[in-house]
Number of protein chains: 2
Amino acid sequence: MTDTRTRTTPTATDPELACPVSPVVDIVFSRWTTPILWTLHTHGRQRFVELERRIARITPKVLTQRLRQLERDGLVVRTYHPEVPPRVEYEISALGRSLAPLFAHLAEWAAENLTKVERARDAYDADDTNGSR
Amino acid sequence: MTDTRTRTTPTATDPELACPVSPVVDIVFSRWTTPILWTLHTHGRQRFVELERRIARITPKVLTQRLRQLERDGLVVRTYHPEVPPRVEYEISALGRSLAPLFAHLAEWAAENLTKVERARDAYDADDTNGSR
DNA sequence: CGGGATCCACTACGATACTG
DNA sequence: CAGTATCGTAGTGGATCCCG
């Protein structure tokens, strides 16, 4: 993703944003965020380790980073229980839940068109003229 | 993004894909792809330089890379006219056009909720306990 | 348990040339 | 015009160790 705090140009004036969907992409579709949101959405409120186990291959460091980002953006709520051992729970916020129909739409497109993309790739790779251009 | 051609794990077996929207993200929402698709969609078939000028700040090298990827995935059609000087035109394919309602949905979510995200960020940054954790 | 701190590796990206 | 080539860099992710 592009870290909003260190980005040189503010979001509003970035010329690339003649495209109105770009800002959403930065927020919702940076790496690991969709698996995190999806897991949170389908399994409800859960602890750090549960997320870590369910998402598989994600390292705790990255999981923490992404959860912080999502918390900062108001898509996820973090609850800290000062116990021994400590317990932290994550859940989707109302704002995060508002993404649900979008994700459903996305999943639907995937179901219908993902095979077409793969066929296009195979066709492209099989064409000699593409390799030697 | 993750370059599809050099990725070690094939898409189908990647454990991260308990989330059905991840593969779509790799294809459609990698960096620069949404501005490219958006420009192609709103201005129709156009040449390399036109894209380059309209997207602003993108370098020809990166534009080429992304266009190749989109062409390989079947979302964009490239037409080469062997003339002097050479002329190349890009346009959205039928598959690419099938993303239009998705993009509209995305733009709608942005219009409604982007300010909420920014307010959440301000609130998070203003909270001292977040900085000194 | 839920991280933070540190070090390292990769590579995508940007800038600057240069060509058919 | 439409790229390719080369170089340099910075942002991320992985691995490891450690702490409250």
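Throughout, protein chains are lettered first and strands after them, A, B, ... in sequence-line order, and every chain is numbered starting at 1.
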K.L.:
Rounded to the nearest angstrom, tell me the gap between atom CD in B:Gln69 and atom C1' in D:dG3.
P.N.:
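After rounding, the gap between these two atoms is 18 Å.
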K.L.:
Grab the CG-C1' distance between B:Leu67 and D:dA2 for me, whole Å please.
P.N.:
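The answer, rounded to whole Å, is 11 Å.
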K.L.:
Cluster question for you: counting only ILVMFWY and a side-chain heavy-atom cut-off of under 4.5 Å, with indirect links fine, are A:Trp109 and B:Val21 together?
P.N.:
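Both belong to a single hydrophobic cluster.
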K.L.:
Can you check the B:Arg68 CZ to D:dG3 C1' distance for me, whole Å?
P.N.:
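Taking CZ of B:Arg68 and C1' of D:dG3, I get 8 Å after rounding.
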K.L.:
Output the rounded distance in Å from CD (B:Glu52) to C1' (D:dC1).
P.N.:
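Going from B:Glu52 (CD) to D:dC1 (C1'), I get 10 Å.
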K.L.:
Check the distance between D:dG11's C1' and A:Trp32's CH2 and give it to me in whole angstrom.
P.N.:
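After rounding, the gap between these two atoms is 17 Å.
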K.L.:
Which nucleotide in the set D:dG3, C:dG2, D:dC1 lies at the smallest distance from any side-chain heavy atom of B:Thr64?
P.N.:
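Selected nucleotide: D:dG3.
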K.L.:
Heavy atoms from C-beta onward define the side chain here; which of D:dC1, D:dG13, C:dC13 lies closest to that of A:Arg66?
P.N.:
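Of D:dC1, D:dG13, C:dC13, D:dG13 is nearest to the side chain of A:Arg66.
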K.L.:
Using ring-ring contact (aromatic ring centres under 6.0 Å, His included) as the criterion, list what pairs up with A:His105, not counting sequence neighbours.
P.N.:
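With sequence neighbours excluded, A:His105 shows a ring-ring contact (aromatic ring centres under 6.0 Å, His included) to B:His105, given in chain and number order.
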K.L.:
Please determine whether a side-chain nitrogen or oxygen atom of B:Arg78 lies at a distance below 4.0 Å from atom OP1 or OP2 of D:dG3.
P.N.:
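So the side-chain polar atoms of B:Arg78 do come within 4.0 Å of the phosphate oxygens OP1 or OP2 of D:dG3, strictly under.
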K.L.:
In whole angstrom, give the distance that lies between atom CD of A:Gln46 and atom P of C:dC1.
P.N.:
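The distance from CD of A:Gln46 to P of C:dC1 comes to 15 Å, rounded to the nearest Å.
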K.L.:
Considering residues at least two apart in sequence or located in another chain, which fulfil the side-chain contact (heavy atoms from CB on, under 4.5 Å) criterion with B:Arg87?
P.N.:
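With neighbours one apart ignored, the set is B:Arg47, B:His81, B:Glu83, B:Glu89.
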K.L.:
Remember a base hit wins even if backbone is also touched, and classify B:Glu83 as base, sugar-phosphate or nothing at under 4.0 Å, heavy atoms.
P.N.:
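Result for B:Glu83 = nothing.
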K.L.:
Report the C-alpha distance between B:His41 and B:Leu99 in whole Å, list the side-chain angles of each, state the deciding distance to 0.1 Å, and finish with yes or no for side-chain contact (heavy atoms from CB on, under 4.5 Å).
P.N.:
CA-CA 10 Å; B:His41 180 256; B:Leu99 287 166; over 6 Å; no
K.L.:
OP1 or OP2 of D:dG13 versus the side-chain N and O atoms of A:Gln65: is any pair under 4.0 Å?
P.N.:
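Yes.
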K.L.:
Do the rings of B:Phe103 and B:Trp38 sit parallel, tilted or perpendicular, given the 30° and 60° boundaries?
P.N.:
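Rings of B:Phe103 and B:Trp38: parallel, as their planes differ by under 30°.
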K.L.:
Using whole Å, what does the distance between atom P of nucleotide D:dC1 and atom CG of B:Leu63 come to?
P.N.:
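Interatomic distance, CG of B:Leu63 to P of D:dC1: 14 Å.
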K.L.:
Cluster question for you: counting only ILVMFWY and a side-chain heavy-atom cut-off of under 4.5 Å, with indirect links fine, are A:Leu70 and A:Tyr80 together?
P.N.:
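A:Leu70 and A:Tyr80: one cluster.
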K.L.:
Can you confirm whether B:Val25 sits close enough to A:Val25 that some side-chain heavy atom of one is under 4.5 Å from a side-chain heavy atom of the other?
P.N.:
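Of all side-chain heavy-atom pairs linking A:Val25 with B:Val25, none is under 4.5 Å.
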K.L.:
Write down the distance between CZ (B:Phe48) and C1' (D:dG3), rounded to a whole number of angstrom.
P.N.:
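From B:Phe48 CZ to D:dG3 C1': 6 Å.
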K.L.:
Summarise how protein sits on nucleotides 15-20 of chain C as a single string, 5' to 3': B when a protein heavy atom is under 4.0 Å from the base, S for sugar-phosphate-only contact, - for no contact.
P.N.:
B----B
K.L.:
OP1 or OP2 of C:dG2 versus the side-chain N and O atoms of A:Arg47: is any pair under 4.0 Å?
P.N.:
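Result: yes.
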K.L.:
For a quick test of reading the model: is some side-chain N or O of B:Tyr90 closer than 4.0 Å to OP1 or OP2 of D:dG3?
P.N.:
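The answer is yes; a side-chain N or O of B:Tyr90 sits under 4.0 Å from OP1 or OP2.
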